[in-house]
Amino acid sequence: MSFLKPKTHIEKGDVVILYLSVSSMHAIEAVPEIVNKKGETIPHIFQTNYGSLKVENIIGVEYGSRVELSKGWAHVLQPTPELWTQTLPHRTQIIYTPDISMILHQLEVRPGAVVVESGTGSGSLSHYFLRALKPTGQLHTFDFHEARADQAREEFRRHGLSDFVTVYHRDVCNLGFTDDLDGKADAVFLDLPAPDLAVPHAFKALKLSGGRFCSFSPCIEQSQRCIQELTKLGFNEIVSMEVLQQESVIKTRTLPVIDLEFLKQPKSNDAPTNSEESKASKEVKKYLTSSNPQVLPGHTGFLTFATLPPNIPKA
C-alpha cells in the first residue's frame with residue numbers, strides 16, 4: 001500500500017526501496033516470512049552486496065532511516081514511480097524517466113483525467129500516469145499478453161492502486177479499446193509494434209471535445225506510418241521528437257593567462273624587460289568550465305504527439 005499516499009513508517013506488506021547506492025537499489029516487500037521453492041515457510045532474509053537484511057526488522061521503522069546489514073548498512077525509502085522504474089521486475093523493455101516526463105507533459109495528464117494506455121508491459125509508465133491522475137482520474141491499460149496483464153493487475157493491487165486503474169487483456173490493434181471507452185478518454189498512449197493499426201481505435205476512444213495522442217516507437221518507419229493514419233483522421237499539431245538526456249561535465253580548470261595590463265599604460269621609452277614579460281605569461285587562473293560527456297546517450301525511441309480537435313465526426 002506504500003504507493004497510495006505518503007507515509008511516515010513502514011507497515012507490513014509495504015513495498016520498500018532498499019537504497020545501497022545510486023546504482024544499487026532493490027524493491028522488497030516488508031513481510032516477515034516468505035515461502036521458498038520447496039513450499040516451506042521461512043524467515044524473509046534479503047541478501048545484498050553488503051550482507052543480509054532480516055526484513056522483519058524494518059517493519060515499523062521510519063521511512064528514510066538507515067538500517068544495519070550484516071556487513072554494512074542501507075537506507076529504506078518509500079517507493080516513487082522514479083525509484084520503481086529503476087527496481088521493477090522487467091517483463092518487457094520499459095520506458096524511462098526522460099521520455100516519460102515528456103509524455104506526461106505533452107498529454108496534459110492531470111488529476112481527474114481519463115487515460116487509455118497500450119501496452120501495459122512492466123508497468124513503468126503506468127505508475128507515473130497513476131500518480132498524476134489520482135485521486136479522481138482513471139487509467140485503462142491494455143496488454144495483449146494474458147500473463148503480463150494478470151501480473152500487472154496483481155502488482156497494482158499490492159501497491160494499493162486498484163481503485164484508479166483497470167487492466168485489460170486484449171489485442172487493441174484488431175479489437176480496439178472496447179465500446180465502453182468510446183468517447184471517454186482525454187488522452188491515449190500507444191507503445192505497440194504497429195501503432196498505425198490502433199490509431200483509428202484511439203480516435204474513437206478520445207472525447208468528442210478532443211484530446212491528446214502519443215505513440216512511442218523505436219523505429220522512424222513506425223512513426224511515419226502512424227503519422228499518415230493520424231493525418232487521415234483529422235488530427236493536427238502532429239510532431240515527432242526524440243528525447244536524449246545529456247548531462248554537462250562541470251570541472252574547474254587551471255589555464256595560463258597572459259596579463260596584458262601593461263598595454264593600458266602610456267607609452268614610454270622604458271619598455272618592459274624580458275623577465276617582466278615572462279612573469280606575465282606564466283600567470284594562471286582557475287575557471288569553472290562545462291563540456292559534453294565523452295559518451296553520448298543512445299537512442300530510445302521516437303515520440304509522436306498529436307491533437308484531436310473538438311467536434312470531429314466519428315463514423
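Values below: every heavy atom of this structure, side chains too, minus hydrogens, waters and symmetry copies. This chain uses plain numbering: 1 for the first residue, then up along the sequence.
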Review point. Looking at the rings of Phe305 and Phe213, which for Trp means the six-membered one, are their centres under 6.0 Å apart?
Key: no
For Lys207, is there an ion pair with Asp186 - N to carboxylate O distance below 4.0 angstrom?
yes
Problem set entry | Residues Glu221 and Arg225 bridged, charged N to O under 4.0 Å | no
Are Phe144 and Val172 packed together at the side-chain level, in the sense that at least one heavy-atom pair is separated by less than 4.5 angstrom?
no
Worksheet entry | Heavy atoms from other residues, nucleotides or ligands near NE2 of His90 exceed 12 (cutoff 6.0 Å) | yes
Q) Asp14 and Lys7: salt bridge (charged side-chain N to carboxylate O under 4.0 Å, His left out), yes or no, with the steps? A) CA-CA 10 Å; Asp14 280 357; Lys7 301 174 69 173; 2.8 Å; yes
Q.
Is the distance from the ring center of His9 to that of Tyr63 below 6.0 Å?
A. no
| task | Take atom NZ of Lys54 as the centre, draw a 6.0 Å sphere, and report whether it contains more than 12 heavy atoms from other residues, nucleotides or ligands. | result | no
Trace of the salt bridge (charged side-chain N to carboxylate O under 4.0 Å, His left out) decision for Glu82 with Arg131
CA-CA 11 Å; Glu82 291 80 6; Arg131 180 175 63 181; 2.7 Å; yes
- Query: Tyr128 and Leu88: same hydrophobic cluster, using ILVMFWY side-chain contacts below 4.5 Å?
  - Reply: yes
inquiry  = For Arg91 and Glu155: C-alpha separation, side-chain torsions, deciding distance, then whether salt bridge (charged side-chain N to carboxylate O under 4.0 Å, His left out) applies.
reply    = CA-CA 12 Å; Arg91 299 184 284 270; Glu155 200 168 72; 3.3 Å; yes
inquiry  = Which label fits Phe156 and His127: parallel for a plane angle under 30°, tilted from 30 to 60°, or perpendicular past 60°?
reply    = tilted
Taking OH in Tyr50 as the centre, count heavy atoms belonging to other residues, nucleotides or ligands within less than 6.0 Å. Is the count above 12? no
